[in-house]
Amino acid sequence: MDKLYLGTNTKMYKTIADTVDFLTRLAANTADLSRDALELFVIPSFTTLGEARQCVPRESITLGAQNMGWEDQGQFTGEISPLMLREVGVEIVEIGHSERRHVLHETDEEENRKVLCALRHGLRPLLCIGETAQQKAQGIADEILRIQLKIGLQGMDPAQADRLMIAYEPVWAIGVSGVPASADYAQEKHAVIKRTLAELLGEDAQVPVLYGGSVNDGNCEELIALPAVDGLFIGRSAWDADRFDGIIRKVLRRLGTDAGKREE
Ligand code: 13P
């Protein structure tokens with residue numbers, strides 16, 4: 001993968017003012033880092049997206065939405081359409097985060113509709129997949145990941161693979177009571193995901209696979225060094241711009257890219 005992807009989903013935490021402050025600080029903190037081989041993205045709440053896009057340039061920070069309805073318009077009270085997201089300058093759409101699957105009971109079939117709809121509208125779907133603690137204990141994690149990918153990407157044109165991103169976020173690793181996956185476990189599951197993507201979209205498909213779930217300053221270097229990990233998708237540890245900047249710099253140093261220091 002010729003690019004490194006580092007991003008955060010701010011969940012239901014930041015108001016417009018909080019988001020603008022966060023983005024402005026993050027853009028300023030990371031202004032010296034070349035974006036040639038690094039994409040930084042932030043996925044804040046819907047209500048913040050307009051102001052969020054105005055306050056930092058897209059070359060500095062890509063913006064995503066946390067969800068999307070799968071129709072262009074219609075009688076779908078409470079849903080946000082791809083046209084509305086395009087209008088405010090969103091590029092990425094997060095689809096199937098574990099909280100949407102397990103708290104709001106979304107299905108693989110629904111995630112699939114959203115993936116296809118995002119691609120149809122020139123958005124970049126970030127499909128999140130991951131097994132629950134119970135599925136892990138039952139020894140069916142690989143099967144679950146393959147099902148989530150096979151249904152989630154059903155009907156997708158492999159020619160659009162360069163716009164797809166996958167986040168592997170084991171449900172048991174996410175949030176305050178989450179335990180981060182060990183490096184060996186993460187590498188093994190990322191390898192399963194990569195093999196499945198090659199099967200579904202062709203050996204040449206260049207789909208970044210990001211790890212998420214209790215990533216922090218202490219484990220980011222070990223995780224990013226894994227050969228099958230192309231980026232990190234971070235929650236709590238990235239919500240402070242200085243702390244996120246610290247993680248970004250640790251990761252770049254670990255990869256030895258110093259991707260680094262922009263030529264002045
Ligand atoms: P945490 O890093 O807080 O576990 O959250 C991960 C996540 O859900 C990113 O989408």
Exercise for the section: Classify the angle between the aromatic ring planes of H97 and F233 as parallel (below 30°), tilted (30 to 60°) or perpendicular (above 60°). Expected result: perpendicular
Handout entry: Common cluster, V229/L149, ILVMFWY with side-chain heavy-atom separation under 4.5 Å
Key = yes
Practice task
Rounded to the nearest 0.5 Å, what's the gap from CE on M165 to CZ on F41? Could you check?
Solution key: 5.0 Å
Practice task
Would you kindly confirm whether I234 and L4 end up in one hydrophobic cluster when ILVMFWY residues are joined by side chain heavy atoms under 4.5 Å apart?
Solution key: yes
Problem - Distance in Å, K194 NZ paired with Q187 CD, rounded so as to fall on 0.5 Å steps - result: 9.0 Å
Problem - Interatomic spacing from OG1 in T19 to CD1 in I43 - rounded to 0.5 Å - result: 12.5 Å
Practice task
Please answer whether the main-chain N or O of K11 pairs with a side-chain N or O of S45 as donor and acceptor at a distance below 3.5 Å.
Solution key: yes
Problem - Side-chain donor/acceptor of Q135 to backbone N/O of T132, under 3.5 Å - result: yes
Handout entry: Nearest-0.5 Å distance, CG of residue L127 to CE of residue M156
Key = 10.0 Å
Exercise for the section: Check whether any side-chain heavy atom of T48 lies under 4.5 Å from a side-chain heavy atom of I16, and answer yes or no. Expected result: yes
Problem - Linked, directly or transitively: L164 and L6 (ILVMFWY side chains, under 4.5 Å) - result: yes
Exercise for the section: Flag yes if V192 and L200 sit in one hydrophobic cluster, no otherwise; membership is Ile, Leu, Val, Met, Phe, Trp, Tyr, and two members link when side-chain heavy atoms are under 4.5 Å apart. Expected result: no
Problem - Neighbour count >12 (heavy atoms, 6.0 Å) for atom CG, D157 - result: yes
Practice task
Answer with yes or no whether the side chains of W172 and Q134 bring together a donor and an acceptor at under 3.5 Å.
Solution key: no
Exercise for the section: Search all heavy atoms of A65 against all heavy atoms of F46 and return the closest pair with its distance. Expected result: CB-CE2, 3.9 Å
Handout entry: Backbone N/O of P170 and side chain of Y168: donor-acceptor pair under 3.5 Å
Key = no
Exercise for the section: For the pair D36 and K3, find out whether any cationic side-chain nitrogen is under 4.0 Å from an anionic carboxylate oxygen. Expected result: no
Exercise for the section: Verify, without hydrogens or angle tests, whether R53 (side chain) and V56 (backbone) share a donor-acceptor contact under 3.5 angstrom. Expected result: yes
Practice task
Salt-bridge test for K150 and D108: reply yes if a basic N is under 4.0 Å from a carboxylate O, no otherwise.
Solution key: no
Exercise for the section: Mark yes or no for whether N216, through its side chain, and S237, through its backbone, hold a donor-acceptor pair below 3.5 Å. Expected result: no
Exercise for the section: Please examine the side chains of L104 and N67, heavy atoms only from C-beta on, and report whether any two atoms are closer than 4.5 Å. Expected result: no
Fill in the blank from the handout: Note: N29 and A241 closest approach over all heavy atoms is ND2-O, 3.4 Å
Handout entry: Distance in Å, I95 CD1 paired with R113 CZ, rounded so as to fall on 0.5 Å steps
Key = 13.0 Å
Practice task
Answer yes or no: is there a side-chain heavy-atom contact under 4.5 Å between Q148 and I144?
Solution key: yes
Exercise for the section: Would you please test L145 and E131 for side chain to side chain contact (heavy atoms under 4.5 Å, CB included) and show each step? Expected result: CA-CA 7 Å; L145 296 176; E131 79 284 5; 4.2 Å; yes
Exercise for the section: Start with the C-alpha gap between L38 and T30, add the side-chain angles, then the distance that decides, and say whether side chain to side chain contact (heavy atoms under 4.5 Å, CB included) holds. Expected result: CA-CA 11 Å; L38 166 70; T30 59; over 6 Å; no
Handout entry: K14 and P44, any side-chain heavy atoms less than 4.5 Å apart
Key = no
Practice task
List the atom of R254, the atom of A225, and the distance in Å for their closest heavy-atom pair.
Solution key: NH2-CB, 3.4 Å
Problem - Spacing of S98 atom OG and I174 atom CD1 [to the nearest 0.5 Å] - result: 3.5 Å
Exercise for the section: Could you tell me whether the side chains of R236 and S214 share a donor-acceptor contact shorter than 3.5 Å? Expected result: yes
Problem - Under-4.0 Å salt bridge between E106 and K114 - result: yes
Handout entry: Which atom of A27 lies closest to which atom of I61, heavy atoms considered
Key = N-CD1, 3.8 Å
Practice task
Considering non-hydrogen atoms only, spot the tightest contact between L201 and A161 and give its length.
Solution key: CD1-CB, 4.2 Å
Handout entry: Side-chain (R101) to main-chain (G130) donor-acceptor, under 3.5 angstrom
Key = no
Exercise for the section: Please answer whether the main-chain N or O of S81 pairs with a side-chain N or O of W70 as donor and acceptor at a distance below 3.5 Å. Expected result: no
Practice task
May I ask you to decide if the ring planes of Y13 and W239 are parallel, tilted or perpendicular, using 30° and 60° as cut-offs?
Solution key: tilted
Practice task
Report yes or no: does Y211 contribute a side-chain atom to a donor-acceptor pair with the main-chain N or O of L226 at less than 3.5 Å?
Solution key: no
Handout entry: Note, E188 side chain near D184 side chain (heavy atom, < 4.5 Å)
Key = no
Practice task
Please say whether more than 12 non-hydrogen atoms of neighbouring residues, nucleotides or ligands are located less than 6.0 Å from CD in E87.
Solution key: no
Handout entry: Lys/Arg N to Asp/Glu carboxylate O, R86 vs D72, below 4.0 Å
Key = no
Practice task
Assess whether atom CD of E221 is packed by more than 12 heavy atoms of other residues, nucleotides or ligands within 6.0 Å.
Solution key: yes
Handout entry: Salt-bridge criterion met for D142 and R146 (N-O under 4.0 Å)
Key = no
Practice task
Give a yes or no answer on whether the side chain of R163 reaches the backbone of L119 with a donor-acceptor pair at less than 3.5 Å.
Solution key: yes
Handout entry: Check against side chain to side chain contact (heavy atoms under 4.5 Å, CB included), D245 and R249
Key = CA-CA 6 Å; D245 178 51; R249 283 168 200 276; 2.9 Å; yes
Fill in the blank from the handout: Between T24 and C55, the two heavy atoms sitting closest are OG1-SG, 4.0 Å
Practice task
Please determine if K250 and D217 form a salt bridge, counting it only when a charged side-chain N lies under 4.0 Å from a carboxylate O.
Solution key: no
Practice task
Tell me yes or no: between the side chains of E39 and T62, is some donor less than 3.5 Å from an acceptor?
Solution key: yes
Exercise for the section: Please examine the side chains of L123 and M68, heavy atoms only from C-beta on, and report whether any two atoms are closer than 4.5 Å. Expected result: yes
Exercise for the section: List the steps, then state whether side chain to side chain contact (heavy atoms under 4.5 Å, CB included) holds for I193 with T196. Expected result: CA-CA 5 Å; I193 293 167; T196 309; 5.8 Å; no
Handout entry: N/O donor-acceptor pair under 3.5 Å between R35 side chain and L33 backbone
Key = yes
Problem - Same cluster (ILVMFWY, side-chain, under 4.5 Å), L126 and L116 - result: no
Handout entry: Atom CD of E143 with >12 non-hydrogen neighbours under 6.0 angstrom
Key = yes
